[in-house]
Amino acid sequence: MTTTTVSIPRGGPGLEQRRRLVTEIPGPRSRELMDRKRIAVAAGVGVSLPVFTEAAGGGVLTDVDGNSLIDLGSGIAVTGVGNSAPGVVDAVVEQVQRFTHSCFMITAYDGYVAVCEALNRLTPGDHEKRSALFNTGAEAVENAVKIARSYTGRSAVVAFDHAYHGRTNLTMALTAKAMPYKSGFGPFAPEIYRAPLSYPYRDGGVTGREAAARAIQQIEKQVGAANLAAVVIEPIQGEGGFIVPAPGFLAALVEWCRLHDVVFIADEVQTGFARTGRMFASEHEGIVPDLVVTAKGIAGGLPLSAVTGRADIMDAPHVGGLGGTYGGNPVACAAALAAIEAYEHDGLVERAAQIGDLLLERLRGLQADDPRIGDVRGRGAMIAVELVDPSTGEPDAQLTGRVAAACHAQGVIVLTCGTFGNVIRFLPPLAIGDDLLHDGLDVVAAALASS
Ligand code: PMP
């Protein structure tokens, strides 16, 4: 009798932490799989790098051709604790063996409650809070709007220029950019209004307070505070280009919301959980949002999202008004508890700040010699460069695409973003080492030089 042993590739921090290319990128096996993808998967589901993943951990991702790539994207800011982080793996295995699902709306389980307790404790402000759990960032944003409408009895919602809040109907309406997120997918949800952001690099010296006054005037004139349920904003715009509003902008908006009983919702889906060098990005500006939306980094790669906030607002919807079959799935909750433990006790907040210092220093060094780098900005492990035509200051999306492609070809995963498509963003896992960051940035420097 013959026995076949199947070797399961192991991810996690044990994976050799270095960049190593053994084929061109993509290699032959990835290309074969991309051919299958083209036939099996809807064309609308795009892939940034035509590379198929085999394993991932620490700061690297290995592909099916045996290449080891440096991960400066964390699956869009999800694997903050690292891929297959040991604590997360153990917690998931243990939970999977006990039960995989009961539906919290049918019979409850303690993991859900424990995640809510942790969120209530960790989010800004020491007031009484409640949380509710969902699956995706978009679903949580939608629920935050439902809760704000239920609490205020009003319907209008304000979102900002360059905002990204998701791909469902309501969150598409909240999102600013037409291509690729909205084009052809309307009509969109009604009663959504857009206000101008504070965008220091392109604002010509407008201060945070002035930018807030500009936004507030537009809201008062075009919507009217009495009709407004909520203001939704990312404390640092993510997909919109890692735009950090000028100091005082967010605080002035929060003040105005308080004065008019408008619910202030911070979408911390991308910025939350240590990413920016604080547990939540709102803390940098000293603001206490009424509701905080979280997802992505919360559960080490498992799908989970949440709305957390003031108990009086969160308790406004009637019993049965909030929920969903999978929201707060027990396996995702077990992963979240392990991930939160790591964020709190493994120094990951401090590590994100260190990563930010390293990235900023290296990228500002490149900027000093390259006028095409118009701006270097961000906080913690959420840093970006905005690439422009130095003679006009106009966004240069083509250069951005060439630089990203050159990085990918050398085995460095970088992501682009921005309303004008001219921003390269760095979102490494917080489990990455300095050597990999330096190697990755050397590749970025060479890509810029040759593009
Ligand atoms: N809000 C923000 C700020 C995001 O960055 C994202 C995802 N990029 C979302 C909402 C939507 O999250 P999801 O893709 O999980 O629906």
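Both ligands and their constituent atoms are indexed starting at 1 by order of listing. All values below were derived from every heavy atom in this structure, side-chain atoms included, with hydrogens, water molecules and symmetry-related copies excluded. Position 1 is the first residue of the sequence; numbering continues from there.
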Is E268 salt-bridged to R275, cutoff N-O under 4.0 Å? no
Under 4.0 Å between a side-chain nitrogen and a carboxylate oxygen: does that hold for R364 and D375? no
Is any NZ, NE, NH1 or NH2 atom of the basic residue among R278 and E350 found under 4.0 Å from an Asp or Glu carboxylate oxygen of the other? no
Minimum heavy-atom distance between M172 and Y181, given as atom pair plus value: SD-O, 3.4 Å
Protein heavy-atom partner closest to atom 10 (C) of ligand 1 - residue, atom, separation in Å: H165 O, 3.4 Å
So for E139 against ligand 1, with non-hydrogen atoms under 4.0 Å, the contacting part is neither
What do you reckon, is OH of Y201 surrounded by more than 12 foreign heavy atoms closer than 6.0 Å? yes
Can E117 and R130 be counted as an ion pair, charged N to O under 4.0 angstrom? no
Please report the C-alpha distance between E239 and Q270 in whole Å, then the side-chain angles of each, then the deciding distance to 0.1 Å, and finally whether the side chain to side chain donor-acceptor pair (under 3.5 Å) criterion is met. CA-CA 9 Å; E239 305 304 309; Q270 192 156 159; 3.0 Å; yes
Considering only non-hydrogen protein atoms, determine which one is nearest to atom 8 (N) of ligand 1 and report residue, atom name and distance to 0.1 Å. K296 NZ, 3.0 Å
Tell me whether the NZ or CZ atom of K177 lies within the 45° cone about the ring axis of Y164 and under 6.0 Å from its centre. no
Strictly distance-based, threshold 3.5 Å: is any side-chain N or O of E234 a donor or acceptor partner for the main-chain N or O of G238? yes
Any nitrogen or oxygen of G166, main chain or side chain, under 3.5 Å from a nitrogen or oxygen of ligand 1? no
Numbering the atoms of ligand 1 from 1, which are under 4.0 Å from a heavy atom of E234? 3 (C)
Looking only at protein heavy atoms, identify the closest one to atom 5 (O) of ligand 1 and say how far it is in Å. Q270 NE2, 2.8 Å
If you measure from each non-hydrogen atom of T136 to ligand 1, which part falls under 4.0 Å: side chain, backbone, both or neither? both
Options A77, G137, G238, ranked by nearest heavy atom to atom 12 (O) of ligand 1, top entry: G137
For ligand 1, indicate whether the residue A295 contacts it via side chain, backbone, both or neither (heavy-atom separation under 4.0 Å). neither
Pull out every atom of ligand 1 sitting under 4.0 Å from any heavy atom of D267, numbered as shown with elements. 1 (N), 2 (C), 3 (C), 10 (C)
For ligand 1, which atoms sit closer than 4.0 Å to a heavy atom of A138? 11 (C), 12 (O), 13 (P), 16 (O)
Counting only heavy atoms closer than 4.0 Å, does ligand 1 sit against the backbone of E239, its side chain, both, or neither? side chain
Verify the contact flag for atom 1 (N) of ligand 1, where contact means a protein heavy atom under 4.0 Å away. yes
